[in-house]
Every structure is written in structure tokens, then in C-alpha cells.
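Naming: A, B, ... by sequence-line order, numbering from 1 per chain. What you see is a predicted model; the values in this text were computed from it and never measured.
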Amino acid sequence: MLDMFPYPSGAGLHVGHPLGYIASDIYSRYKRLKGYNVLHPMGFDAFGLPAEQYAIQTGQHPAHTTEVNIARYKEQLDAIGFDYDWSREVRTSDPKYYKFTQWIFIQLFHSWYNTELQKAQPIEDLVKVFAKEGNTQVKAASGKVETFTATDWNSYTEKQQQEALMDYRLAYLKYADVNWCPALGTVLANDEVKDGVSERGGHPVIKKSMRQWFLRITAYAQRLLDGLDTVDFAESLKEQQRNWVGRSEGASVFFKIDGREESIEVFTTRPDTIFGATFLVLAPEHPLVAEITTNHKEVAEYQTYVQSRSERDRQADVKTVSGAFTGAYAHNPFTGEEIPIWIAEYVLMGYGTGAIMAVPSDDDRDNAFATKFGLQIIEVIDKSDYPGATRSDKLGKMINSGFLDGMEVPAAITLMCQKVDEMCIGQGKINYRMRDAGFSRQRYWGEPFPVTYKDDMPYTLPESALPVELPEVDSFKPTGDGDSPLARNTEWLNTPDGPRETDTMPGYAGSSWYFLRYMDPHNDDFFVGNDAVNYWQDVDLYTGGAEHAVGHLLYSRFWHKFFYDKGWVPTQEPYKKLVNQGMIQGVSEKINFITIEDLKRVGDKIINEVLEDPNIIKNNIVNNNLFYILVSQCTNNVKVKQVIEALRINADLLNSIKDEIKSNRVTRLFFDSKIKIDVLSLLGENHIGSQNIDLTIVENGKTSISKLIAHWPFIFRNSASYFDGNIFSVPIYQQIPGPKDNYVTRSGVYFEVSSLDFSDSSWISDTLSYRSKYDTEQILNSELDFRIEDETYEFQPSKSSSIAPKVMLINTFSEVEKMSKSKFNVVNPDEIIAKYGADTFRMYEMFLGPIEQSKPWITNGLDGVHKFLRKFWRLFYSEGGLDITDEAPTKDELKVLHKTIKKIQDDIERLSFNTCISAFMIATNELTDLKCRKRAILKELTILLAPFAPHIAEELWQNALGEKGTVVYAPFPKFDESVLVESNFNYPVSINGKVRVTIDFPLDYTQDQVQPEVLANEQVQRWLEGKEPKKFIFVKGRIINVVV
RNA sequence: GCCCUGGUGGUGGAAUUGGUAGACACGCAGGACUUAAAAUCCUGUGAGCAGUAAUGUUCGUGCGGGUUCAAGUCCCGCCCGGGGUACCA
């Protein structure tokens, strides 16, 4: 029984984490009651970026932060009453653990993948083959390799040999791009980059090529696909993994470049359409671009633009079609036509060959591209036999395609693959979208590589040197030139054998094999002992978030297959069954803002377009979605004061005031989250923004000014503020470090006063005393100011105020999204446990709904669960104390018990825990009604409840029932079906599908026995109105339907 | 954009295989007990219409179509929310 490894974040365990943990705890306790030996461990994925960032900010060592966070996590986990075997705890950041992570890396480094045997093998074997016959006969998963003979190999220098081997290793070095932020001097994670600039500070981010480690997961692509058929994961999750691996069958074809020796290799899944290939598109980073370009200026400019775009942007942004012509041409090998070679961002270097043949007649993106740049489009498929088929469907009859004419598409694909092969211009090929996994991070808080460099080539350290422990460094900041902070410790860096690798491993290194360590956590000789792994084998049930669907799960499956190849584990797949628990989401508070320039433009657009478009009105206003309109008179001299009122309106009201809006040319701005989308569509992105704010800032719809200032002290303390009774405004200073610690004013925010809570005024003196330490110059330069006269605080427009700040805050709103510290919406379980106890908390989390469904954390039903537990308790204790009898139970009581046993047993097996809680409630309500206090019933029920509410169950077991020992190992009650057998069934009788009456019949009655009585029924007669029924449907034990 | 996933009363959700939609809770309303509060218990509660009432009847599972004796469930086309998208974990 395994739970996904938590990362011990500084925010502590939030209410979302335990959802899966509680489910697995119930399951493992249940299996224990059923007599199984259950291994249910827990540990920590302790390396990671947040601890490192915290270290940069505070100077605290990540090891220390991690230690503190783990202690807190364990305290919280224990408070919920989990049955973890802490003697088996593992932590990825423990040198005793990462010793083996490093060891596994070494094994990957010294392995290659034999595609003939479909198996990883020692690299020494390959060396022997090279020395004997070169690499021409070797069938291996490799990079692009030049062929060499045995003579070549033996004449190679050590360095050349190492370089050649690098193309075969399962862990290898190559150059790859990272998100490089020159201003911060650091490499950024994808989610630290937004719109081409760093999230912190807004500095430009570019791609930088660095030599990095990769794992050859692509060698296992097919096995990772095949393995999916053997495991019990949700079909959707398997589908996600299949898509990630992205197998596609097609052909690679070479296109000859005009006037040059080289050809361009393209991969296509549609070789049939080659007669319609009217141009080629290369990825802007394609190595051939530099060589063939004659159109230097435009290409260079375009390449610079693409540098600033993230891969996701490049794929996602299908609206903007962009590209540049290289000036070079190639030849279509079948039509013989000269076709231009372009570069465009929608072609990615990392996928396929980094080049495509564009067939604008049969590919949407190619079509958009050709249309925009006026390139030729030749129709090659007649789809008239397939009405409704889209451009990309592989359907139709070939036309304008030489020898393919008249063939159906699938046949044409097959023939074309053969033809390409015959003509020696390419071959049929299976391509995978999946790429090798980047394994280098330019970070401190991760596993160091057990590697030193000699002559610029890497060599692994001997096992005796493991673990290579993280060195102490004087600062956790990046070095500024792209190296990780490890490079700061030069004493550590330089060894007699050469300099060390300074990058560290990514998060998934430690988490790809941790479940094996649980089986044998204290083994110092091997990562997992043979006996242990043969006894426990694999994970029977794995629970965790769907967000890990590909990343972690695919990587660990890959590692496991490698272990299998090496003979270290007995199974091909690590996880037999996997359940994705849904996310418990947080409710975030957010603010929307928009520039005043844009506000005016929106106003015009709304007047001219939106109010005239019935669809927009309908989509946004119906369904009682009232929305806000901010009324503002937009003159050229926009002043805050002129924002005069905010209205809540509905569709009818909008219609009635439409003309007034138009004639007065007042700007009306929609600012519900739904409306925001329409503002977006009116203006495009980047014109309206939103930002998360601390949950507690907004209370009862009012924004607390003192809390807002505590949240953004910098902004408020150093800025002048303006207040006129209606509007409270604050210019915002963006925190961009510059010479002499100057900061730049970027924008301002406005709050409607009616939405603010001024009750706590301590911020005024706090702000003033803070400011007095600074030069008044800065305050004078501010656009607006507030003053204090006498003892009363009065806010007035500053005399120097003439320029209006650029950004207007529109409103705050709530949104349900992922719980995370950065979104200020984290809720901890501690308070609830303190108030209601762990049992209530456990049961409530289960009661919230199906385990795999995501839902926001709302505590509405908490009381009901708590009340249930009290009611259950009262089955044992009445006012006079313990009140249990030894009488024999009645038939009704037994029925309640056995109905519940069956329900709980079935529902736990199918992991439907929310319905279990309901079943307990029903049983308790029914037994209360029956006034049942019988030991024989209550004892069994206590065992049933024990996995869900272990504390109360244990208490009742030992003290109320007086049982010896713990309920944890009690035998699970045996279900007796005979108790539940019914002789009659109350049939619902419907007329034309609508139930009108119910009639009781013995269950063994057939249709013939039932029909006369049903038709004679008074109700049925009424609906028949004297007519004969058309049809009589009888489903035994379910329903009767009379069709009239 | 692409992939995945969800949408049912005022709220969380139930309906396991196409067979009585709204189980079980929360909330709300009314009542009992109590000096009072807490706790506990009882009754009602999808919406509309008719009826003093029992009850009857129409509508109703995001929207629009379809299949079926029967659709929350299956099919087709949309809309909206959430997650992932390769360096957050």
C-alpha cells in the first residue's frame, strides 16, 4: 500500500494531502482486518526548489528547513492517526538514501540499450564489440552516430572512444536549451517564466544551450506503452501516458536542397500527401538553417523572436502564424518541383527531425501558414466520398498524385512507404513524441552527480566514493554564469582526478525508486535486498494526485524496467493498481486589474459591439449571472474621482439602459470573472491581469487595508497614497533592484472604498514611521499623497498630482484552484483536528465525495459527520453510562448489520469511501430507531468502523466492549447472505416510462403471473383510459413498464 | 492550442450493469426539552400549478439534437470549470 511521496513544503500539510492518505490508510487497515500482512510506509521527497529559494532569501541551509518541515509534516500525519511504519521512513535528501540514487545513475551511465534483445546491457560488452567489429552491426538505442570500423575504434584516442560511447549510454551528456535569465544570472523552471519574462522581476528570459545530462527513456518507449496493458490504472491515465509517449507510424523522407550536397530529412505520418508538399519548414534552431540561409536579416530577427518564446507558447499559440523564408529551395522528390524552405516556430527541434514537409491541403497549420505567406496549395485528396471529414482525417481518394491517383488514403500510405524505400530517399519509420529526459539541474538542493571530468569527458566515481555528499557553499545563489551553486566551493570542485560535475539531479531521481527502498530501508550494501523485493514484489495499490500522471509515473516505470533488465527486481511494472485522488482545491482571493487606456478602449468596444451582440449578452447574462458594471466617464483626463458608481445589473436592466449608455458615451466595464473573458476577447491577452492575494485579506467581501499592507509592505510603505472618500489609491513600485537600491514606479491600484475595511488603522502610523527614515524626495516625486492634520487623518490629493497612475484595480473575486502557498489559499488540517478530533476529520474528508474527484475545501458538512460519531457512541453509552446487553439480536437488527457489512466490504474494495460513511450513518440511524444495544451487533460494527475512525473504535473495543488486545487485528465480520434474502419486491410500475404506482409481488413471479394484476390496478386503469396496452415490459426484480 | 477530467436541489454528494433521480449529510424553516444556552430529539424542505388537506399533475441531472418501452447513465454537436503540457513537486 503506497502513498505518493510528499514534498515537505514550508506551508505544512494542507487539507488536500490527507485525502489520498486517509483512503490508503482505510484500505490498509481494512486489508489487515482481512488477515493480510500490510506494508504501509511513508517518507519524504525532500530535495526541491522551494527549500532552495527559501535558502536564497534567508540564508538558512535547505537541510535545516527541510528537517523542520519534515518534523512538522510527521507531527501532522501522526495527528490524523495514520498507521505508517515509521521504522521504514525514507528521505531522498539523506546521504544513506541518495548514495543509491547516485549508484543507480552510475549503472545507467554504464549501460546501453540493445534493441534486438530489448534489454539494457553493460557498456563493457559494447566496448568489446566495437573493438572487434566496429559499430555497423550494433542494434542499439542511440543518438545520431557515425559508423566506424574496429580499426577506427582501436585507433581512436581515449577521448574519441568516450565520445562515441556517449551516444549509447542510458545516461549521457548533450547540449540542450535551458531558460536562461541573464538579469538574475540563473536558470529558471518553466513555471517561473511567464510570457517570455521571469515571474519575479519581469526580466527577459532566453534559451541558452548548456551541456547537460539526459536519460535515454526513449529506448523504453515501446515497453512503456506495452506495459500499460498489464496494469490496472484509470483508462484516462493510461491514455495520458500513451499520448506522452506519442507513438506515430510514418516515413522519413529526404528532400534534396538546391545547389548543395545535403538533404533535409523530414518525418511525416502522411507520406501519401507528398505530392501536395509545396514547401518545407525547419525549426528555427535547425542546424542547417545557418548554412542554407541567404535571407540573413529576416531569419536572424525571427530566430531572436523565437528565442524568447517558450515551447508551450509555440505550440499553443495557433492564432498567430509566423515564420521567415530562408531564401533556399529544395526539390520535392516526386513532383520534381522547386519548393521554398521556411523556418517557423510551430516546428520544434526536439520532435522528429526538426523539419517537416508542409502539405497545406491536408494540415491545418500548414494551411494557415501557406495562406498567410501566399504559398502554393495543391489539393491531393478528394474527400467527396466522406462528407464531414476534416482536413486532417486520413480519408479520401488520391488526386493530383501521379502513381497514387485513385487510391484510398490507407493504401496510398503503405505504397508510398515502399516507394520511398525503393527509391532510397527514405524509409518507413516509427516515431515517438517522447524525448529523452533532462537530468541536470543547475541547483544546489539535489543529488550531486558522482562524476568528475577528465579531458572534458565524464567519468563516474568508484562505488567506494559514494555517497558524494553535498558540499557546503557560502551562498545558495546561482553563480551568475549558469553553473549551479556547487561550483562556489572550489575546494570540493577540484579533485586530483579533475573537476567535478556541479549540476545536481532533478526531483524525479529520488522519487523514481523510493518504493523499493521501503521494502528494505536499512540495507547498506544494496539499494534493495533480494529477499525483501521477492517477498513484497511490487506495489498493490498506489494512491496519488493526477498531476503526477506522466512525470513521476512514467519515469519510475522506466527506472523499474531498467532494474528488471538488470535482474534486480522480479516485476516489469512497479505499480499494479493506481488510483488518482482528486485535488482538494483552495478558494483563492484575486484581484483583477486593467490599464486606463484599455479601459477606454473596452468602453468603446462595449458600446459599439457588445451591446449590439445578442450572443454575448445571452452568454454572459442569462442564468442569473448578474454582473458588475463600473461606470466611468472617460475623458482624456481620467481621474479616479470620476469613477462614480458600480452597478449590478441583469439582462433586462441592461437592455433598458442600453440607449442611455450609448448616448451618454459612458464607459461601462464588465468585471465578473466570466465577463473578463469577453474583455479578453475584445482586447487580446496582456491587457487585463489578475493576481492572487492572501485569503485573509478579504473578509465578508471587504478588503482589509492593514492586511493588504502587511501582504505588500514594500508597495505601501514607500508609496504615497490617495484617499478621497470614494477611492483609495496606491501607486505600485515594482521591485527591480537598480543602482543605489532605487525602485521604479510601474503602476497604481485603486480600491473602491466601499470594498475596504479601514477598522484597523495601525498601518497609518506604521507606514509613516517607516517612511520618515527615507528621503522625502521620493515622496514628493510620488504622484499622490495623503496628509495628516492635527489628530485626525485626512487624505487629500497631493498638490503635485497631475499624472494618473497607469493601472486600475477593478475588483477582488474568489476562484477555486490548486492549493499552493504562492496562491495564499492553503488550509491546514490542524485546527479541525483540534476542534473535532482526527476521526471526524478522516471521515469528513472521505464524506466529501468520490476519492478521484477534485473539489474545493468547504467545511459545511463537517458537523454532520461529527454528530454521527457521537450518535454511534450513544449506541454503547446511555446517560447512565455503559449500556450494552448480551441478548440475541432480532432479525431486523441482523439485517441492518449484514446489509452494512456487505456495503462496507464492497465499497472499500471499489474505493468508494464516501458511500461507506453514508452506510454507517444509515446503520446507526436504524439501530437507534430499533433501540438496539446488543453486543453481537455492536462488536461487528465497531470492527467495520475501525479503519475509518480508528481512535473511537479502539476506545469502544477495549473499554466499552471489554475486548482484549487491539481492534487493528480483529477479524473482519463475515457476511451472511441468508439474512438478507427477501421473498417479495415492491415493483415500481411505470406508464410510458413514468412511475405511477408501486405494487408488491413475490420475487419468483413471472410476467404472466404479474401482468393481469398490474393491468387491473386502479391507477394503471386510469392511464389506460380503456385502451389496450401496446406493450408490457417486465424486468424481474426491477421494474414494470406499461406502454400505452 | 493539444491531452485528460468534471458539470445532478440553496450546498457536498447518491443512483455500482440503461430500470422509482435527489440516498446520506449540511443549510434553512417550524416544534419539543431547558430559567437560558449547549447538547439532543421530532417534522418539513428540487421547482411550478391545483387543492383546507390527503393528494394529484407538469417541469427537472450544463445547452441543443438523437437512439430506446425506459437516458443523469449510450450516440452526435456545443458551452463552462479544473488538471497536465517535459526544470514546481
Side-chain angles (χ1 to χ4, degrees), chain A residues 4-7 9 45 47-50 53 178-179 187-193 234-237 239-240 242-244 246 311-319 346 350 365 434-438 440-443 506-508 511 545-552 554-555 580 582-583 585 619 623 674 677 815-818 820 822 844 847-850 852-856 858-865 867-868 870-871 874 906-907 910 912 914-915 917-922 925 986-996 998 1030-1033 1035 1037-1044:
Chain A
M4 275 184 200
F5 230 12
Y7 174 79
S9 103
D45 188 10
F47 279 132
L49 208 46
Q53 267 157 1
V178 293
N179 298 314
V187 175
L188 296 174
N190 281 337
D191 68 333
E192 293 177 302
V193 183
E235 203 45 48
S236 65
L237 189 140
E239 200 52 35
Q240 278 188 66
R242 286 189 190 111
N243 287 329
W244 185 267
E311 201 163 282
R312 197 185 305 173
D313 288 341
R314 286 170 60 175
Q315 288 176 88
D317 194 354
V318 293
K319 282 181 221 136
Y346 76 90
R365 282 180 310 183
M434 183 166 65
R435 306 201 289 265
D436 281 342
S440 287
R441 301 290 182 266
Q442 293 71 37
R443 311 278 184 192
Y508 68 82
S511 61
E547 67 272 25
H548 300 284
V550 277
H552 159 64
L554 211 58
Y555 293 135
N580 284 124
M583 211 167 291
Q585 294 148 322
N619 288 341
N623 296 332
K674 270 202 155 174
I677 289 158
E815 193 171 277
V816 169
E817 59 186 350
K818 196 171 163 175
S820 100
S822 65
Y844 181 61
F847 191 58
L848 271 177
E852 65 278 0
Q853 215 163 297
S854 291
K855 54 230 142 194
I858 295 164
T859 53
N860 283 350
L862 199 55
D863 247 0
V865 173
K867 273 194 218 160
F868 153 73
R870 301 171 81 105
K871 197 165 177 178
R874 285 199 305 273
D906 290 354
D907 285 2
R910 67 187 179 101
S912 171
N914 56 326
T915 49
I917 314 287
S918 298
F920 281 125
M921 288 174 171
I922 293 168
N925 290 345
N986 196 241
Y987 279 92
V989 178
S990 29
I991 317 289
N992 292 336
K994 279 196 191 302
V995 178
R996 297 296 174 184
T998 60
K1030 244 191 212 159
K1031 212 168 180 182
F1032 190 93
I1033 286 148
V1035 184
R1038 281 204 184 261
I1039 201 164
I1040 294 163
N1041 192 13
V1042 184
V1043 184
V1044 182

**Study point:** Interatomic distance at P, A29(B) relative to A39(B), whole Å
**Key:** 16 Å

Exercise for review: Please measure how far the C1' atom in U11(B) lies from the corresponding atom in G27(B), and state the result in whole Å.
Suggested key: 7 Å

Exercise for review: Taking the side chain as every heavy atom from C-beta outward, state whether R996(A) and V1042(A) have any pair of such atoms under 4.5 Å apart.
Suggested key: no

**Study point:** Exam field: side chain S990(A) to backbone I1040(A), donor-acceptor pair closer than 3.5 Å
**Key:** yes

Check your understanding: Contact class for I922(A) (heavy atom, under 4.0 Å): base, sugar-phosphate, or nothing?
Key -> sugar-phosphate

Where do N or O atoms of nucleotides 85-89 of chain B meet protein N or O atoms at under 3.5 Å, pair by pair?
| unit_1 | atom_1 | unit_2 | atom_2 | d |
| --- | --- | --- | --- | --- |
| A86(B) | OP1 | R312(A) | NE | 3.4 |
| A86(B) | OP1 | R312(A) | NH2 | 2.5 |
| A86(B) | O5' | N190(A) | ND2 | 3.2 |
| A86(B) | N6 | R433(A) | O | 3.4 |
| A86(B) | N1 | R435(A) | N | 3.3 |
| C87(B) | OP2 | R441(A) | NH2 | 3.3 |
| C87(B) | O4' | R441(A) | NE | 3.2 |
| C87(B) | O4' | R441(A) | NH2 | 3.4 |
| C87(B) | O2' | N190(A) | N | 2.6 |
| C87(B) | O2 | R443(A) | NH2 | 3.2 |
| C87(B) | N4 | Q212(A) | OE1 | 3.0 |
| C87(B) | N4 | S440(A) | O | 3.3 |
| C87(B) | N4 | Q442(A) | OE1 | 2.8 |
| C88(B) | OP2 | N190(A) | N | 3.4 |
| C88(B) | OP2 | D191(A) | N | 3.2 |
| C88(B) | OP2 | D191(A) | OD1 | 2.5 |
| C88(B) | O4' | D191(A) | OD1 | 3.4 |
| C88(B) | O4' | D191(A) | OD2 | 3.2 |
| A89(B) | O3' | D45(A) | OD2 | 2.3 |

Check your understanding: Are side-chain N/O atoms of T915(A) and S912(A) paired as donor and acceptor at under 3.5 Å?
Key -> yes

Check your understanding: So do the side chains of V865(A) and M921(A) get within less than 4.5 Å of each other, counting heavy atoms only?
Key -> yes

Point to revise | Sugar-phosphate only, base, or nothing, as touched by R242(A) at under 4.0 Å among non-hydrogen atoms | key: nothing

Review point. What pair of heavy atoms forms the shortest contact from F847(A) to S918(A), and how long is it?
Key: CE1-OG, 3.8 Å

Practice item. Would you please say whether a donor-acceptor pair under 3.5 Å links the side chains of N1041(A) and K1031(A)? Key: no

**Study point:** All salt bridge (charged side-chain N to carboxylate O under 4.0 Å, His left out) counterparts of R443(A), not counting sequence neighbours
**Key:** E192(A)

Review point. Given atom CG of N992(A) and atom P of U57(B), what is their separation to the nearest angstrom?
Key: 13 Å

Exercise for review: May I ask you to test the E239(A)-W244(A) pair for a side-chain heavy-atom distance under 4.5 Å?
Suggested key: no

Point to revise | Side-chain donor or acceptor of Y508(A) paired with backbone N/O of Y555(A) under 3.5 Å | key: no

Check your understanding: Once you round it to whole Å, what is the distance between P of A21(B) and CZ of R996(A)?
Key -> 10 Å

Practice item. By nearest nucleotide on RNA chain B, pick out whichever of V995(A) and M921(A) is the more 5' one. Key: V995(A)

Review point. NA contact type, V1043(A), heavy-atom cut-off 4.0 Å: base, sugar-phosphate, or nothing?
Key: sugar-phosphate

Exercise for review: Quote, to the nearest angstrom, the P distance that separates G1(B) from U20(B).
Suggested key: 39 Å

Practice item. Kindly indicate whether the side chain of F47(A), heavy atoms from C-beta on, has any atom under 4.5 Å from the side chain of P506(A). Key: no

Practice item. Could you state the atom-to-atom distance from CZ of F1032(A) to C1' of C69(B) in whole Å? Key: 12 Å

Check your understanding: Does N179(A) use its side chain to pair, donor to acceptor, with the backbone of L188(A) at less than 3.5 Å?
Key -> yes

Review point. Does a distance-only test, which skips hydrogens and angles, find a donor-acceptor pair under 3.5 Å between the side chain of N1041(A) and the base of C69(B)?
Key: yes

Distances for protein N or O near nucleotides 11-15 of chain B N or O, under 3.5 Å:
| unit_1 | atom_1 | unit_2 | atom_2 | d |
| --- | --- | --- | --- | --- |
| G12(B) | O2' | L848(A) | O | 2.7 |
| G13(B) | O5' | L848(A) | O | 3.1 |
| G13(B) | O3' | N914(A) | ND2 | 3.3 |
| A14(B) | OP1 | N914(A) | ND2 | 2.7 |

Point to revise | Pairing stems for RNA chain B [at least three consecutive pairs; Watson-Crick or G-U; under 3.5 angstrom] | key: B:1-7 with B:79-85, B:10-12 with B:24-26, B:27-32 with B:40-45, B:46-50 with B:55-59, B:62-66 with B:74-78

Check your understanding: Hey, is G9(B) sitting syn or anti, using the within-90° cutoff around 0?
Key -> syn

Practice item. Rounded off to whole Å, could you give me the NZ-to-C1' distance for the K1030(A) and C69(B) pair? Key: 10 Å

Point to revise | Shortest non-hydrogen separation from F5(A) to D45(A) and the atoms involved | key: CD2-CB, 3.4 Å

Point to revise | Interatomic distance at C1', A14(B) relative to C26(B), whole Å | key: 15 Å

Exercise for review: Would you mind classifying the nucleic acid contact of D906(A) as base, sugar-phosphate or nothing, using non-hydrogen atoms under 4.0 angstrom?
Suggested key: nothing

Review point. With L237(A), which residues qualify under side chain to side chain contact (heavy atoms under 4.5 Å, CB included), at least two apart?
Key: F233(A), A234(A), Q241(A), A549(A), L553(A), L578(A), N580(A)

Practice item. Determine the interatomic distance between P on U35(B) and the same-named atom on C24(B); round to the nearest Å. Key: 34 Å

Any N/O pairs under 3.5 Å between the protein and nucleotides 38-42 of chain B? List them or say none.
| unit_1 | atom_1 | unit_2 | atom_2 | d |
| --- | --- | --- | --- | --- |
| U40(B) | O3' | R874(A) | NH2 | 3.1 |
| C41(B) | OP1 | R874(A) | NH2 | 3.1 |

Point to revise | Heavy-atom donor-acceptor pair, K855(A) side chain to G582(A) backbone, under 3.5 Å | key: no

Study note, to complete from the structure: RNA chain B nearest-nucleotide lookup for L237(A) and K1031(A): closer to the 5′ end is L237(A)

Exercise for review: Measure from NZ on K994(A) to P on G19(B) and round the result to the nearest Å.
Suggested key: 17 Å

Point to revise | Side-chain heavy-atom pair V989(A), V995(A) within 4.5 angstrom cut-off | key: no

Check your understanding: What distance, rounded to whole Å, do you find between the two P atoms, one in U73(B) and one in G6(B)?
Key -> 14 Å

